There are 2 protein chains.
Amino acid sequence: MVMTAVPPYIQGVPGAGHMEAVRRGNLALVLGRIAETSPAGRRSRAQISALTGLTKASVSSLVLELISSGLVTEVGLNQQSRGRPGVELELNPNKAVLGAEINVDYLAVGVVSLAGTLLMHEVWERDNRSDGVERVMAALSQQCAVTAVAAEKKGIDVLGGGLAVPGLIDAAGQVVVSAPNLGWKNARPDLRVLLPGSPLGVVLCNEANAAALAEMDHQSDTDFMFISGEVGIGGGLVVGREIFTGADGHAGEVGHVVVDPYGSDCLCGGRGCLETVAGQDAIADAAGLTGHPARSSRSLTLSVLLGLLKEGDARALSAVERAGFCLGLALASSARIVPFTLVVLGGHLAVLDPWLRISLMDSLQRYSAGKFPSGNVLVSALGSTGALLGAAGLALRSVLEAPHTLRR
Amino acid sequence: MVMTAVPPYIQGVPGAGHMEAVRRGNLALVLGRIAETSPAGRRSRAQISALTGLTKASVSSLVLELISSGLVTEVGLNQQSRGRPGVELELNPNKAVLGAEINVDYLAVGVVSLAGTLLMHEVWERDNRSDGVERVMAALSQQCAVTAVAAEKKGIDVLGGGLAVPGLIDAAGQVVVSAPNLGWKNARPDLRVLLPGSPLGVVLCNEANAAALAEMDHQSDTDFMFISGEVGIGGGLVVGREIFTGADGHAGEVGHVVVDPYGSDCLCGGRGCLETVAGQDAIADAAGLTGHPARSSRSLTLSVLLGLLKEGDARALSAVERAGFCLGLALASSARIVPFTLVVLGGHLAVLDPWLRISLMDSLQRYSAGKFPSGNVLVSALGSTGALLGAAGLALRSVLEAPHTLRR
DNA sequence: CCAAATAGTTTATGCTCTGAACTATAAGGA
DNA sequence: TCCTTATAGTTCAGAGCATAAACTATTTGG
């Protein structure tokens, strides 16, 4: 039997003072309790001490360090029934992270405070298809620079950032293995250029995963699947409040679960994948929009389809109904492999929800043996900001989970 | 944004000396390096020091503690090219854990050394169907007692144990939520009675998961799926060398992935599940063995089926071929949700491998876009001892990952 | 038989936490 | 108003664990 478990604190710093690992862990622990929005309001050192089991002395020392690193600020006083009031602590409202998104027909950049609030947000329409990684990244970095300067003017310090891309990211988070809709393959975007001077770098993530992460902050469930309906269908799988990427970074690809063994070929090389039935193009084809002039633009296609649905067009209705049926089937099967109890629909699937829902719920119930109450299939509340918020959230997590990296 | 991450060392011991967590982690780290079978042979304190980055002083102190807790023993001398020879360390060969298995028609108990070697192994034929949890556990505890005494006579000290059951285990590892083939539902076996005096307890686990874990020790892959073919079809999913159970403990249930949307109803309440096509009973039915006298016993059914296959019976061949096709389909879909690169077949699927393989590989390749080279679908090497070894392995892990629990 | 090399132990020191004493600040009652 | 009580936060001595460096132990090889 081979054991390979390595305590986390030894990673990266072999030979260094391992006592420091305790400090690092406790810094994160205390910061986490400060970041938590508790119903009783902001917390004081004493409350954190009681909450964590650390002594007041330790908490004081840890908080001092968090304050001097700029992550935490003292706000007001917190009067309990009697005695000296506690000093309320909060995440420094003037520190933030950047969230960015590259999608097929736009670039988006936003600034998110440490507490997770979207402070600024801008979207630039831009055709990024087959424009090449360098060109797109150059355009994006320009927009990031503009945003960063604007943030600085408001007194906001940007510590790091996250970039969401509609494609498969490798496990190390450095390479876009493939983004068919952008025409990228094994692209290595230079992430540093987005935030040249920031103390932490920029992390890269998949768009569906990012949206899932953002969605999670609005849900109590710890395990769920976010379905990103675009040209294809992406899945963002969250297990235990963490994005589940698997060994190669490709987990949760519900778009390529087989729903029709004798169905049509899929771009992925498989056959009868969910994407070939419920992807945006697939639905459009099945609805009879092939060759239609509107096919030149995605948003046009979708609005034409919506028009047909509202008119009660039989072919469109049945195409969408079948998509719902297959989506339910794929989700039921997926939930057997990784149990999740909540599904959130995004992209075109969110838009089509009114016409999808009945067949989706029917098949989901049928094939999952009734594990999904209908309240457990939701439409995304975040819409187009989801990916951006999630990318920023990923950067946020890296700060909040490893505050020692900002020590001075 | 709500953060709930808690550093592992704070769990369970709030308020206690957190410095001790470093000690605990390092004890496990050093023990892990002793447990590893390295090509260069057993390791000395100095080698472990170099390997871990801990100083020789620390390693000495940690090893002393491991020796005094009985987990480690000094063996021989380890002469390097020059200088004082190192003292070779190894896992104490006289300490062991118990592995036990309850299955439909037998009970099995084994003793596994800390190094993972099966030292003793006994199987008792017994019809456990609908005999009730208490009766079965009473019988098993008797067998465990016999085995424990026999081990003691050989000078072997049993520290803890694991019990594998063909059913769904709850996330806490205490309740058998359902074991249809045993007729159990929400059963709470009294695990303590199996090893009354042992310092560590007995852990409960699913049979397919246990077999997967045991299989892993013979594979280099870190992510794979073990398929346990019994009356139903169980799946054991290993991600990153750990059993992946999911939030509710039911992950990897590949037997209930939908392979035929218009197929027959499944016992689980779903429809067209893999199990309804490739389960042992399902194959027997499709092969035309319904009503056959042999249906009274599982092993008989299987041997009759084998007979038909060897005769070239068309109906049997096509039933098995279809099972292979659907298995490949279900695996391809599953691998999209949790990427794994290796499949190991157990139970009747291992036995039927020669007749399954072609259709299995064809559909697996077809639907996974060629991600599985044929060398990546294996037949279990462990056979019937897999579950037992895995259950013991689970107990083993708990010792090796938390050696401080044995401190005296 | 001694120099060089390697293994393992001893000792002094530093970091981080704990626990208890201490200071600071408020509410509430006489 | 002042004193008691309660709570917040800081200071300081002490304990546990790891480090680094010096030291002892044991072997090879000239």
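So that the names make sense, note that chain A is the first sequence line, chain B the second, and so on, each numbered from 1. Not measured: the values here are computed from a predicted model. Worth knowing before you read on, the calculation uses all heavy atoms, side chains too, and leaves out hydrogens, waters and symmetry mates.
- Residue A57(A) is classed as a base contact, given a heavy-atom separation below 4.0 Å to a base.
- Looking at heavy-atom distances under 4.0 Å, S61(B) makes no contact with the nucleic acid at all.
- Looking at which nucleotide of DNA chain C each of R82(A) and T55(A) is closest to, the 5′-most match is held by T55(A).
- The distance between atom CD of E20(B) and atom P of dT16(C), rounded to the nearest whole Å, is 19 Å.
- Between P85(A) and K56(B), the residue whose closest nucleotide on DNA chain C is further toward the 5' end is K56(B).
- Taking atom CG on L27(B) and atom C1' on dG16(D), their separation rounds to 13 Å, with Å as the unit.
- For R23(B) and dG16(D), the shortest distance from a side-chain N or O to OP1 or OP2 is not below 4.0 Å.
- The distance between atom CD of Q47(A) and atom C1' of dA6(D), rounded to the nearest whole Å, is 15 Å.
- Q79(B) CD: more than 12 foreign heavy atoms inside a 6.0 Å radius.
- When the P atom of dA24(C) is taken as reference, atom CZ of R45(A) falls 16 Å away, rounded to whole Å.
- Side-chain N/O atoms of R84(A) and base N/O atoms of dA26(C) include no donor-acceptor pair closer than 3.5 Å.
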Exercise for the section: Apply side-chain hydrogen bond (donor to acceptor under 3.5 Å, both in side chains) to S61(A) and R23(A), showing your working. Expected result: CA-CA 10 Å; S61(A) 148; R23(A) 186 73 175 178; 2.6 Å; yes
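- Between E36(B) and R42(B) no salt bridge is recorded (no basic side-chain N to carboxylate O distance below 4.0 Å).
- Ion pair R24(B)/E401(B) not flagged as a salt bridge, since none of the NZ, NE, NH1 or NH2 atoms sits closer than 4.0 Å to an Asp/Glu carboxylate oxygen.
- Protein atom CD1 of I48(B) is 15 Å distant from nucleotide atom P of dA18(D), rounded to whole Å.
- Distances shown here put a side-chain N or O of N26(A) below 4.0 Å from the OP1 or OP2 atom of dC17(C).
- Using a 4.0 Å cut-off, no side-chain N or O of S58(B) falls inside it from OP1 or OP2 of dC17(D).
- The side chain of A46(B) lies closest to dG8(C) when the candidates are dG8(C), dC17(D), dT27(D).
- The distance from atom CD of Q79(A) to atom C1' of dA27(C) is 7 Å, rounded to the nearest whole Å.
- The CG atom of L66(A) lies 11.0 Å from the OG1 atom of T73(A); values are rounded to the nearest 0.5 Å.
- Atom CG of L54(A) and atom P of dT16(C) are 14 Å apart (whole Å).
- The separation between L64(B) atom CG and dG8(C) atom P is 13 Å, rounded to whole Å.
- Within 4.0 Å of V87(A), counting heavy atoms only, lie sugar-phosphate atoms of the nucleic acid but no base atom.
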